[in-house]
There are 2 protein chains.
Amino acid sequence: MPRAKSQSRESLLDNALNAFWKIGYHVISMGDLVRETGVSRAGIYADFGGKQDLFHASLDRYQETVVTPAFAPVEASGTGIDGIETYLCNLLTRFELAGGFGRGCLVGNTLTQIPEIDVETRAKLQAHCDRLTDGFRHALTNENGPRGPLTQPEIDDLARYTMISVQGLWSYSRLTNDATVLRAYSDTLIAVLKSRLRGSLQ
Amino acid sequence: MPRAKSQSRESLLDNALNAFWKIGYHVISMGDLVRETGVSRAGIYADFGGKQDLFHASLDRYQETVVTPAFAPVEASGTGIDGIETYLCNLLTRFELAGGFGRGCLVGNTLTQIPEIDVETRAKLQAHCDRLTDGFRHALTNENGPRGPLTQPEIDDLARYTMISVQGLWSYSRLTNDATVLRAYSDTLIAVLKSRLRGSLQ
DNA sequence: CTTGTTTAAGAATGATCGTTCTTCTACATC
DNA sequence: GATGTAGAAGAACGATCATTCTTAAACAAG
């Protein structure tokens with residue numbers, strides 16, 4: 001009779017996710033993963049098939065257990081710019097509590113490490129960016145209202161602008177331990193969005 | 001009598017730099033570097049000491065041969081926002097000519113791959129970010145003029161905002177082959193800077 | 001031409017990588 | 001209690017890593 005694997009599989013995934021996130025796909029070794037997860041090599045291979053498959057599963061797990069709760073304020077129905085503000089503020093608070101030199105975003109970290117040829121991984125990264133863009137578009141559309149100052153193409157541009165800016169924020173968060181710089185960036189970004197939606201830009 | 005090594009050394013560095021830039025520090029192997037540079041293993045070790053030293057030399061070379069000419073419009077004396085605009089426009093044109101899926105920024109790529117412990121490399125990355133920030137501060141200060149709408153702390157914040165945004169731009173440029181998205185980001189960023197310096201934000 | 005020295009090239013090395021395989025334990029079933 | 005089986009653990013494997021060492025070629029000096 002097969003034992004209930006779901007619990008340990010999820011725990012394994014969480015540990016692997018954290019290792020990939022902090023150390024990076026290429027730098028982390030299977031030996032490290034065995035040590036970090038407490039699961040034997042054979043167990044990892046039996047459950048996932050290999051390092052790359054474990055990483056892909058970790059990327060999916062990242063979406064479920066990290067992005068979904070963190071991004072919930074943005075994806076909540078009826079939210080506006082305040083949802084984006086809450087999202088950023090929460091993550092910056094987490095950064096401060098961790099004492100700086102954060103892990104950044106697993107997706108942003110990964111896209112600087114994979115070759116152009118790895119289309120399967122790229123698709124997962126693109127899907128993440130699309131999810132962020134969709135969320136921001138949702139919030140900005142609500143904020144704009146039915147007869148707001150911005151047209152739909154302008155909102156699309158602003159949503160992509162927000163997504164790319166957030167990637168820059170998490171990227172730089174790996175280098176600095178100064179939360180005030182990140183807070184200032186977040187504040188300016190929010191101010192830009194508000195300004196745009198007041199129609200006072202251009 | 002020692003032969004003039006400077007020429008081949010620089011050529012070696014350029015090839016190594018391109019390999020590190022495109023493939024990444026951990027993924028590229030010494031075998032790859034031997035093939036890419038056309039220099040034997042012993043030659044590389046004799047001239048640089050090892051992989052990490054070659055990488056550090058490549059980071060310095062990146063500053064000299066890539067950042068300095070590309071960033072010149074921003075660092076030019078007397079430049080304003082138009083200098084930032086020229087800088088971004090030039091690099092986006094290069095991206096379009098290359099057909100998308102760019103290499104991003106070597107510094108941005110690296111900072112998602114090095115461990116927290118590698119302070120020597122981190123210092124080089126931080127110096128690059130500081131250089132960008134200083135350049136943007138210089139251009140924004142000029143644009144602001146002696147009695148502009150912004151105070152010096154506000155200009156500092158805006159310079160750091162620009163630097164982090166640019167990191168996000170190059171980060172995302174590794175994932176997309178759609179230059180119009182990057183152009184739209186650049187246009188919005190420039191519009192934000194102009195708006196701020198008109199004093200119409202907040 | 002011979003000899004001494006420098007330079008480059010690639011074979012050898014120890015370590016470590018991802019992956020596989022064998023072994024041993026523990027439990028269910030009769 | 002004996003037997004069969006599923007599961008986990010880590011030893012073993014070939015490949016590849018960064019690095020070093022040996023060797024051969026090329027040039028300068030006598």
Side-chain angles (χ1 to χ4, degrees), chain A residues 1-59 61 106 109-110 113-115 117-118 120-121, chain B residues 1-59 61 106 109-110 113-115 117-118 120-121:
Chain A
M1 184 184 292
R3 67 172 171 82
K5 276 195 186 178
S6 58
Q7 210 174 7
S8 78
R9 179 189 161 98
E10 286 179 0
S11 161
L12 190 166
L13 258 185
D14 286 333
N15 290 328
L17 162 58
N18 282 318
F20 282 129
W21 194 357
K22 182 176 181 185
I23 311 293
Y25 175 72
H26 288 105
V27 178
I28 205 84
S29 72
M30 288 301 287
D32 295 330
L33 289 168
V34 166
R35 182 166 33 79
E36 295 277 337
T37 63
V39 177
S40 72
R41 304 173 103 84
I44 294 177
Y45 278 86
D47 282 0
F48 294 96
K51 189 184 184 185
Q52 173 143 317
D53 301 286
L54 177 60
F55 180 63
H56 284 162
S58 296
L59 276 174
R61 181 82 176 161
L106 176 62
N109 299 351
T110 302
Q113 301 184 39
I114 62 160
I117 221 66
D118 184 0
E120 191 178 356
T121 305
Chain B
M1 183 184 291
R3 69 173 171 82
K5 274 195 189 179
S6 58
Q7 210 174 6
S8 78
R9 180 189 160 96
E10 287 178 0
S11 161
L12 191 164
L13 258 186
D14 285 333
N15 289 326
L17 162 58
N18 282 317
F20 282 130
W21 195 355
K22 182 176 181 186
I23 310 294
Y25 175 73
H26 288 104
V27 177
I28 206 82
S29 72
M30 288 302 285
D32 295 331
L33 288 167
V34 167
R35 183 165 32 78
E36 296 275 339
T37 64
V39 177
S40 73
R41 306 173 103 84
I44 295 177
Y45 278 87
D47 283 1
F48 294 96
K51 190 185 186 185
Q52 172 142 317
D53 301 288
L54 178 60
F55 181 64
H56 284 162
S58 296
L59 275 175
R61 181 81 175 160
L106 176 61
N109 299 350
T110 302
Q113 301 184 37
I114 61 161
I117 221 68
D118 182 1
E120 191 178 356
T121 304

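Letters A, B, ... are given to chains in the order of the sequence lines, protein chains preceding strands, and every chain is numbered from 1.
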**Student:** Using a heavy-atom cut-off of under 4.0 Å over every strand shown, decide if Leu33(A) touches base, sugar-phosphate, or nothing.
**Tutor:**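 Nothing, no heavy atom under 4.0 Å.
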
**Student:** What does the list of N/O pairs under 3.5 Å between the protein and nucleotides 13-15 of chain D look like, with a distance for each?
**Tutor:**
none

**Student:** Working to the nearest 0.5 angstrom, can you tell me the gap between Asp53(A) CG and Asp47(A) CG?
**Tutor:**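 Asp53(A) CG to Asp47(A) CG: 11.5 Å, rounded to 0.5 Å.
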
**Student:** What pair of heavy atoms forms the shortest contact from Thr37(B) to Ala16(B), and how long is it?
**Tutor:**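 In terms of heavy atoms, the two residues are closest at CG2-N, 3.9 Å.
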
**Student:** I need the His26(A) NE2 to Phe20(A) CZ distance, nearest 0.5 Å.
**Tutor:**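 His26(A) NE2 to Phe20(A) CZ: 10.0 Å, rounded to 0.5 Å.
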
**Student:** Should Ser40(B) be listed as having a side-chain N or O under 4.0 Å from OP1 or OP2 of dA8(C)?
**Tutor:**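 Answer is no, no contact under 4.0 Å.
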
**Student:** Without decimals, in angstroms, what is the distance between Leu54(A) CG and dT19(C) P?
**Tutor:**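 Roughly 10 Å, once rounded to whole Å.
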
**Student:** Between atom CZ in Phe48(A) and atom C1' in dT20(C), what is the gap in whole Å?
**Tutor:**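 In whole Å, dT20(C) C1' lies 18 Å from Phe48(A) CZ.
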
**Student:** Provide, to the nearest angstrom, the distance between the CZ atom belonging to Arg41(A) and the C1' atom belonging to dG18(C).
**Tutor:**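 So the CZ-C1' distance, Arg41(A) to dG18(C), works out to 8 Å.
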
**Student:** If you check every side-chain atom of Ala42(B), which of dG10(C), dA18(D), dT19(C) has the closest atom?
**Tutor:**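 So the side chain of Ala42(B) is nearest to dG10(C).
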
**Student:** Can you tell me the distance, in whole Å, between the NE2 atom of His26(B) and the P atom of dC17(C)?
**Tutor:**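 Computing the His26(B):NE2 to dC17(C):P distance gives 12 Å.
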
**Student:** In chain order, what residues pass the side chain to side chain contact (heavy atoms under 4.5 Å, CB included) check against Arg35(A), with sequence neighbours excluded?
**Tutor:**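 By the side chain to side chain contact (heavy atoms under 4.5 Å, CB included) rule, Arg35(A) matches Asp32(A).
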
**Student:** Mind checking the CG-CG spacing from Leu106(A) to Asn18(A)? Nearest 0.5 Å is all I need.
**Tutor:**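 If I round to the nearest 0.5 Å, the distance is 10.0 Å.
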
**Student:** How long is the span from the CG atom in Leu54(B) to the CE atom in Met30(B), to the nearest 0.5 Å?
**Tutor:**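 The CE atom of Met30(B) is 6.5 Å from CG of Leu54(B), to the nearest 0.5 Å.
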
**Student:** Measure from CD1 on Ile44(B) to P on dT7(C) and round the result to the nearest Å.
**Tutor:**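 In whole Å, dT7(C) P and Ile44(B) CD1 are 17 Å from each other.
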
**Student:** Between dC17(C) atom P and Tyr25(A) atom OH, what is the distance in whole Å?
**Tutor:**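 Distance, rounded to whole Å: 14 Å.
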
**Student:** Rounded to whole angstrom units, what separation is found between the OH atom of Tyr45(B) and the P atom of dT22(D)?
**Tutor:**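 Atom-to-atom, Tyr45(B) to dT22(D), this comes out as 17 Å.
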
**Student:** Can you tell me the distance, in whole Å, between the CG atom of Leu12(A) and the C1' atom of dG7(D)?
**Tutor:**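 After rounding, the reported distance stands at 15 Å.
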
**Student:** Toward the 5' end of DNA chain C, which comes first, Gly38(B) or Asp32(A), by nearest nucleotide?
**Tutor:**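 The residue closer to the strand's 5' end, by nearest nucleotide, is Gly38(B).
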
**Student:** Return yes if some donor-acceptor pair links the side-chain N/O of Lys51(B) with the main-chain N/O of Tyr25(B) below 3.5 Å, else return no.
**Tutor:**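 Yes.
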
